[in-house]
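Below is one structure, written out as structure tokens; the observations come after it.
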There are 2 protein chains.
Amino acid sequence: MPETAIRSRKEFGKTIAADITHRLREEIVTCGLPPGEPLRFDVLRERFGASFTTLREALTALTAEGLVDAQEQRGFRVAPVSHQDLVEVTDARVLIEVELIRRSIEKGDDDWEIAVISTLHRLKRIEQRDPEHPLRDPEWKIAHRQFHQALVSACGSATLLSIRAELFDRAERYRHLSANFRPRPRDKAGEHQAIMQAAISRNADQAVQLIETHIRTTADNVAKYAGHLLDAE
Amino acid sequence: MPETAIRSRKEFGKTIAADITHRLREEIVTCGLPPGEPLRFDVLRERFGASFTTLREALTALTAEGLVDAQEQRGFRVAPVSHQDLVEVTDARVLIEVELIRRSIEKGDDDWEIAVISTLHRLKRIEQRDPEHPLRDPEWKIAHRQFHQALVSACGSATLLSIRAELFDRAERYRHLSANFRPRPRDKAGEHQAIMQAAISRNADQAVQLIETHIRTTADNVAKYAGHLLDAE
DNA sequence: TCGGACCATATTTTCGAAAATACTAGCTAT
DNA sequence: ATAGCTAGTATTTTCGAAAATATGGTCCGA
């Protein structure tokens with residue numbers, strides 16, 4: 001069986017469609033495909049090397065995640081950004097993340113504590129190595145995501161975790177949007193450390209308060225430095 | 001242009017795929033396609049008269065909504081039910097619905113009040129007409145859905161409304177599951193009336209409390225009367 | 001008897017062509 | 001001039017065939 005040529009595309013799933021979904025999500029979240037960009041099939045076909053139908057399946061999945069906007073009979077485009085959407089995503093994240101942190105702190109066992117501590121440790125290592133532009137570093141992004149994921153992982157609800165993941169991606173897109181205009185990232189390392197400590201010491205109220213501030217501050221910075229990109233056009 | 005033959009399928013959207021998605025969702029929510037049922041393409045092809053790819057697109061969309069379960073390379077099946085899933089859906093609904101009711105009560109204007117009152121009125125009319133098995137009556141289902149939708153419609157967050165809608169469908173499936181085993185529906189009419197009054201009089205705390213009880217009681221009844229169908233197989 | 005390899009069949013997944021629909025530009029009539 | 005129509009082009013949407021993969025049964029050797 002010819003192996004590499006075909007398999008090389010399937011890094012993130014057994015099917016090509018799942019793989020394309022993953023790659024497209026990545027491109028959209030990092031604004032490699034900018035908000036509002038029309039997603040024409042010939043272009044995507046060229047770029048991803050898949051057929052109409054496979055691409056369509058991926059776009060349908062991403063539409064449900066709020067990253068793509070389907071206009072019936074008139075194709076797809078990258079979901080536009082707006083001030084309103086940023087506010088909605090931020091509020092929804094706070095609502096859900098706060099609840100999940102509480103539950104995780106209540107239910108988290110030893111493995112949960114270990115996961116929180118070790119993902120933060122990795123994050124800090126990466127930040128030490130290259131403290132410049134975190135969002136530019138794919139490794140930092142993954143470590144950052146995994147730390148926040150670990151914090152809520154013991155909540156016990158796959159349903160809410162999946163909603164949370166969706167909102168996280170939508171928020172991350174806004175972070176990328178503002179990354180190029182932000183003068184210097186604030187001290188996230190300290191915030192993460194504080195959150196971890198509150199969580200491990202089972203201080204739910206403090207953890208919740210820190211997380212809410214963390215999320216809202218990030219969103220405020222997006223509005224501040226990328227505000228001119230929102231609601232444009 | 002030949003009109004009826006083709007258009008007759010497209011009741012709920014411009015594209016066939018959107019239409020099939022809608023019809024499949026309906027079948028799954030009402031348990032016409034029972035939980036866990038394998039969704040084979042030849043069968044669906046026969047039943048819905050669409051091609052592989054179109055069906056695949058619909059199934060992908062429903063997978064994202066939590067109504068279909070995709071097993072890569074091994075096809076799709078109706079999402080299974082379980083006690084755990086019921087609990088998760090119920091908890092998530094309470095979390096979100098409570099928040100949206102608060103926001104709607106805070107922001108709702110005259111149009112919102114009118115929508116709440118008139119959708120409840122319609123619901124009661126239908127209940128008077130045929131007070132027997134509400135869930136069997138498609139009109140009651142629609143009216144019921146629209147009343148609850150109206151209650152939260154002024155919350156101001158399309159993002160949260162769409163998450164709410166998804167969870168509502170998943171919960172409705174459980175209601176249908178237990179409908180055949182439930183001796184007699186409890187007095188929902190009274191509950192709806194009370195919720196409406198609390199909402200209109202802007203008594204947020206009471207509305208929230210009533211809604212939470214409403215949701216949890218419904219879920220408890222499902223567990224009570226359809227418990228034997230959960231976690232089976 | 002049992003486990004594993006192999007083949008035949010059933011099913012899903014992917015593809016590119018064909019049909020349907022939207023868009024654009026140029027024309028006509030008012 | 002301009003609104004409305006029409007034809008031609010661009011793009012999406014749908015289809016069924018073909019490829020890839022899983023499933024189930026049979027045979028073989030231990």
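Ring pair B/H148/B/F168 is tilted by interplanar angle, where 30° to 60° counts as tilted.
Under 4.0 angstrom from either OP1 or OP2 of C/dT12 there lies no side-chain N or O belonging to A/T15. Within the 4.0 Å cut-off from OP1 or OP2 of C/dT13, not a single side-chain nitrogen or oxygen of A/T54 is found.
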For this session: Check step by step if side chain to side chain contact (heavy atoms under 4.5 Å, CB included) holds for A/R170 and B/T159.
Result: CA-CA 11 Å; A/R170 287 171 65 180; B/T159 299; 3.2 Å; yes
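Among the atoms of the strands shown, only primed sugar atoms or phosphate atoms (P, OP1, OP2) are found under 4.0 Å from some heavy atom of A/F76. Backbone-only contact: B/L39 has heavy atoms under 4.0 Å from sugar-phosphate atoms and none from a base.
When the nearest nucleotides of DNA chain C are assigned to A/R74 and A/E57 by heavy-atom distance, the more 5′-ward of the two goes with A/E57.
Taking atom CZ of residue A/F41 and atom C1' of nucleotide C/dA18, one finds them 16 Å apart after rounding to whole Å. When the P atom of C/dT13 is taken as reference, atom CZ of B/R40 falls 12 Å away, rounded to whole Å. Between the CG atom of B/D42 and the P atom of C/dT12 there is a distance of 6 Å, given to the nearest Å. Nucleotide D/dT13 holds its P atom 15 Å from the CD1 atom of B/I20, rounded to whole Å. If you measure from atom CD of A/Q73 to atom P of C/dA20, you get 12 Å, rounded to the nearest angstrom. The nearest whole Å value for the distance from the CZ atom in B/R45 to the P atom in D/dA17 is 8 Å. Rounded to an integer number of Å, the gap from CG of A/L44 to C1' of D/dT13 is 15 Å. The nearest whole Å value for the distance from the CZ atom in B/R56 to the P atom in C/dT14 is 6 Å.
Residues that satisfy the ring pair (Phe, Tyr, Trp, His ring centres under 6.0 Å) test with A/W112, not counting sequence neighbours, are absent from this structure. Evaluation of the side chain to side chain donor-acceptor pair (under 3.5 Å) rule for B/R74 yields no partner, not counting sequence neighbours.
The side chain of B/I16 lies closest to D/dC15, out of D/dC15, D/dT12, C/dC15.
With respect to the salt-bridge test (charged N to carboxylate O, under 4.0 angstrom), the residues B/R23 and B/E26 do not qualify.
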